[in-house]
Structures are given as C-alpha cells and as structure tokens.
Amino acid sequence: MNFRRTRPQQLIAIGSVTIIICVYSVTWPSGILNQKEDQHASPATLSAVQEHLNIVRYADMVRWERNNQTSSSFWASSILSDDRRIYFHETTGRDHLNLRQLCAVESTAKENPSRSVQIFFQTDHVNVTSAPFELVLKTYPNIAVLLINAKDYFTATPLERWYLHGVWRKSPYKTEHFSDYIRILSSFKGGGMYMDLDFVTLKPLDADIFRNFVPEEDNAVLTGSSFHFQKGHPIVRKIMTYLASSYRPKEWAHSGPAMMQSVVLKYCRKKLPEPTYPLFLCPEIKVLPKKYLYPYTFADWKRLFVTNVSSSDPIFESYAVHTYNKLSKNEPVLVGSDQLYSQIARVHCPVTYAHALTDLEVDFF
C-alpha cells in the first residue's frame, strides 16, 4: 500500500498525537505499573532490556512456572494462562511487525490497559528498531512479546504429529494454515481472546461480552479470525481433534473459517449459526453478531478507504474493525487525511500513526 501524505493537516496531527501520548503516559493505570514492579521474579536468563520491554521466551516462562508453582507473579498468571489475555500470532517467521500489524497490537493495548496483550513470534529475537516498535512497547507496559520455538510449542500436544509430518509445508497456503493451527494451540495452552493482526480495536473489549464466543462475520457465516475460549473449554479439544485428523493442504478455508463453522455447529447440534449474544448457542458458547467486530464484510472492505462517512455508519457501534489485509494491503492510506482508516488509526494507534506521519522513508501502512 503506497503511503501518501496530505498537508497542511500534518503539523496539526503531529501535535495532537504528541498530546495524546503525553496524557496517556501520565494517566496510565496504577495496577499495570505495580505489575511491572513485581517482575523482579522473572527468569535470570532475560536481559535488562528485554525485561524492561516485556520481551520473554515462552520456554523460560514454562520452566519458571514449574519451579514456582505457588507464585502469583505477573509472568505466571498472564503469560502462560489467562482467560483475560488478548493474543496475536506473527506467523510468517519475521522478527518485526509492519505498521498495520503494529496498529492492531497498539490499538488493542490502548483500549484495554488492564488486560495483558500478547504477540507471539517464531523467532529467538525481535527487531524492536523496526518502525516504532520499541516506542510502542515502552508506551504500553501491558504488551508482552513472546518468543517461541514452533517445534517445542507443538511438542506433546494433539497437533504435534500434524506439525512434524510437514505436509502443510508444501501447501500453497502454508502460512495461513500454520496460523489456523497455532492460534487454536495457544487457546488450548492458555485460553484467552485471539485476534488476527489486521484488526483495529476501537473500544474496550468487555470481558463479559467477549468471552467463550465465536463471531459472525457475515449472515450465518462464522469465522476464526477472532474468538475467545476459556482454558479447558471442551470445544477447544474438539477443534484440535478435528485439525489433527482432517487436513486438506489445497483448501484455503478448510482449517480456518470452514472448520470453525463445522465444529461449532456439530458441537452445539445446530444447523445454522444464528447470533445468540447474550444467550448461548449451546452451553458456554455464544455467537456474537457481526456488528461487534465485523461492521464490514469482506465484500465491503473498500469502505475503510473512503473519506465521507455517515454518522450512522456501523463502524461507530463496533468494538473493532477487521481490515481484510489480504484484500486491502495494496490500497493507499492517505496519512493526515479524512480517509476512514486514517481517522481510526490516528485515534486508536497514535504512536504508530505519528511515526507514519513523520518518517519520510515509510512506504506502506
């Protein structure tokens, strides 16, 4: 997506973003600050810089928990198992995030300051000098970066054989399928709410609403681009059994949205996934209407790039918006303009937006 700038709004926007960051830093919730003070108990293998930025190795956390079963440390409670956490996966193997991905993480952390926001990388390090990554981590101490070894992460789980067998590596959709599998594996390991890296969070994600849910993306169509299951929820085991025994490398949606719809309906003994919130589709599973996370369907993704938006537009009632990066990644974002995507990024991921506005070398958002 070619990155363009519009003036004279640039200086005004820079000033606004600076104010937002300053005010946000001053008013940061004391609970999160106290959590950082308690991090002296984290593993000695972490460097001071890593610990300061909440960059941790998942294997270290597991090892530490095994040796400190009774501890109430922030790391043990919110890294390894936390139904309130919101987590993302970078599944290409890169050691950094592009600006859109960073906006997804930042907006979620900004709108949910009392919840742990986690981003998993399949690397042994992250490049925090790429874009404003380091500044985002410093601004939002509720973000944790988790470094995993994928082979170890899948070991001793129902999905280990799928991973080691390796048929997925030859699939034309190997990145997408790996993402489908590892997001469910993380739900199995620790619970919490998963989100794709092409969301922008617009409001606090109420933990009562966004609990044990699957979302409706379009009329009677479920998706796996976001969901929440508490740790130990029986449907997660059902999903993993399905994924372990039914893999179709040439079908893009088979282990993603098609899988979610098939398993949920079978589990709940239903024929259609009609929205049920606040009621349950079946015990402990509810279907959120599309207005909560999907104000636009995949066919309407271009609405994010218009400048004239009605006050009655469904995005203003939504808690987040899915930007459909696979379809929209080459659409130019007019930074500093009244374009809808530009407007929501300016407000909900101000650190990322400020960087995009001032760095003349940025080409994509």
Side-chain angles (χ1 to χ4, degrees), residues 86 104 107-108 173 176-177 179-180 183-184 187 193-229 233 235-236 238-239 242-243 246 248 251-306 308-329 331 340-341 344:
I86 305 168
S107 64
T108 304
Y173 310 111
E176 292 89 341
H177 290 173
S179 179
D180 292 337
R183 70 185 65 174
I184 296 298
S187 180
M193 179 174 174
Y194 169 79
M195 299 181 78
D196 275 356
L197 278 167
D198 54 352
F199 273 95
V200 179
T201 299
L202 308 174
K203 299 177 184 179
L205 298 168
D206 188 302
D208 292 327
I209 296 175
F210 296 93
R211 178 176 176 79
N212 289 333
F213 79 91
V214 289
E216 180 191 43
E217 182 178 32
D218 204 347
N219 294 331
V221 176
L222 302 183
T223 181
S225 52
S226 181
F227 56 82
H228 175 281
F229 298 118
H233 196 297
I235 198 172
V236 176
K238 296 283 187 182
I239 291 173
Y242 179 96
L243 291 175
S246 177
R248 299 179 185 176
E251 295 184 20
W252 171 76
H254 180 74
S255 55
M259 174 278 299
M260 188 66 73
Q261 179 133 335
S262 175
V263 175
V264 168
L265 292 182
K266 184 175 181 179
Y267 178 83
C268 292
R269 298 180 181 179
K270 303 290 184 181
K271 292 183 178 180
L272 288 176
E274 297 179 358
T276 61
Y277 178 81
L279 303 176
F280 293 108
L281 182 68
C282 62
E284 290 303 309
I285 296 180
K286 55 197 172 190
V287 175
L288 289 187
K290 59 186 178 181
K291 69 178 183 179
Y292 284 88
L293 295 172
Y294 302 88
Y296 309 134
T297 67
F298 68 91
D300 297 323
W301 65 267
K302 288 190 176 182
R303 293 175 66 173
L304 285 160
F305 300 91
V306 301
N308 297 317
V309 181
S310 167
S311 59
S312 61
D313 192 279
I315 195 172
F316 296 115
E317 293 185 8
S318 187
Y319 287 80
V321 58
H322 194 214
T323 65
Y324 299 101
N325 185 62
K326 190 175 182 66
L327 299 172
S328 67
K329 61 185 177 182
E331 189 75 14
L340 180 56
Y341 190 99
I344 62 176

**Q.** Heavy-atom pair of closest approach, residues N212 and F229
**A.** OD1-CA, 3.4 Å

Q. Take atom OH in Y277; do more than 12 heavy atoms of anything else shown fall under 6.0 Å from it?
A. yes

**Q.** Pairwise side-chain contact, H254 with S246, heavy-atom cut-off 4.5 Å (strictly under)
**A.** yes

Q) Checking side chain to side chain contact (heavy atoms under 4.5 Å, CB included) for the pair N219/K290: CA distance, chi angles, key distance, verdict? A) CA-CA 8 Å; N219 294 331; K290 59 186 178 181; 2.9 Å; yes

Q | Within 6.0 Å of CH2 in W301, more than 12 heavy atoms from elsewhere | A | yes

Q | Inter-residue atom distance S225.OG - Y324.OH, 0.5 Å rounding | A | 7.0 Å

Q) Sequence neighbours excluded, which residues qualify as salt bridge (charged side-chain N to carboxylate O under 4.0 Å, His left out) partners of K326? A) E176

(Q) How close do R183 and G224 get, counting heavy atoms only, and between which atoms? (A) NH1-O, 2.9 Å

Q: Test side chain to side chain contact (heavy atoms under 4.5 Å, CB included) on E331 and Y341 and set out the steps.
A: CA-CA 11 Å; E331 189 75 14; Y341 190 99; over 6 Å; no

Q | Minimal non-hydrogen separation, S318 against P295, with atom names | A | OG-CD, 3.4 Å

Q.
If you count every heavy atom of other residues, nucleotides or ligands that lies below 6.0 Å from K203 atom NZ, does the total exceed 12?
A. yes

Q: Compare all side-chain heavy atoms of L304 with those of S328 and state whether any distance is below 4.5 angstrom.
A: no

Q. What class does the angle between the rings of Y173 and H177 fall in, given that below 30° is parallel, 30 to 60° is tilted and above 60° is perpendicular?
A. tilted

Q.
Once rounded to the nearest 0.5 Å, what's the spacing between atom CZ of F213 and atom CG of L281?
A. 14.0 Å

Q. Would you say S226's side chain and Y194's backbone share a donor-acceptor pair under 3.5 angstrom?
A. yes

Q) Distance-only, no hydrogens or angles: does the R211 side chain make a donor-acceptor pair with backbone N or O of A207 under 3.5 Å? A) no

Q | Pair H233, S187: side-chain N/O donor-acceptor within cut-off below 3.5 Å | A | no

Q) Does CD in E317 sit with more than 12 non-hydrogen atoms of other residues, nucleotides or ligands closer than 6.0 Å? A) no

Q.
Looking at every heavy atom in both D208 and D206, which two are closest together, and how far apart are they?
A. N-OD1, 2.7 Å

**Q.** Student check: side-chain heavy atoms of H322 and D196 closer than 4.5 Å
**A.** yes

**Q.** Exercise: identify the closest heavy-atom pair between T201 and S107
**A.** N-OG, 3.0 Å

Q) How about I315 and R303: do any of their side-chain heavy atoms sit closer than 4.5 Å? A) no

Q) How long is the gap from CG on L205 to OG1 on T108, to the nearest 0.5 Å? A) 6.5 Å

Q. In terms of ring plane angle, is the pair Y319 and Y292 parallel, tilted or perpendicular, where the classes change at 30° and 60°?
A. parallel

Q) Could you walk me through whether E217 and T297 pass the side chain to side chain contact (heavy atoms under 4.5 Å, CB included) check? A) CA-CA 7 Å; E217 182 178 32; T297 67; 5.8 Å; no

Q | Check: T276 side chain, K286 main-chain N or O, donor-acceptor pair, under 3.5 Å | A | no

Q | Atom pair CZ/CG of F227 and L288 - distance to nearest 0.5 Å | A | 13.0 Å

Q | CD1-CG distance between I184 and L243, expressed to the nearest 0.5 angstrom | A | 6.5 Å

Q.
Assess the residue pair Y294 and D218 against the criterion (side chain to side chain contact (heavy atoms under 4.5 Å, CB included)); give the C-alpha distance rounded to whole Å, side-chain angles, the decisive distance to 0.1 Å, and a yes or no.
A. CA-CA 8 Å; Y294 302 88; D218 204 347; over 6 Å; no

Q) Any idea which heavy atoms bring L197 and A104 closest together, and the distance? A) O-CB, 3.5 Å

Q: Using a 4.5 Å cut-off on heavy atoms from C-beta on, say whether the side chain of I239 contacts that of M260.
A: yes

Q) CD/E274 to CD/E216 distance, rounded to the nearest 0.5 angstrom? A) 9.0 Å

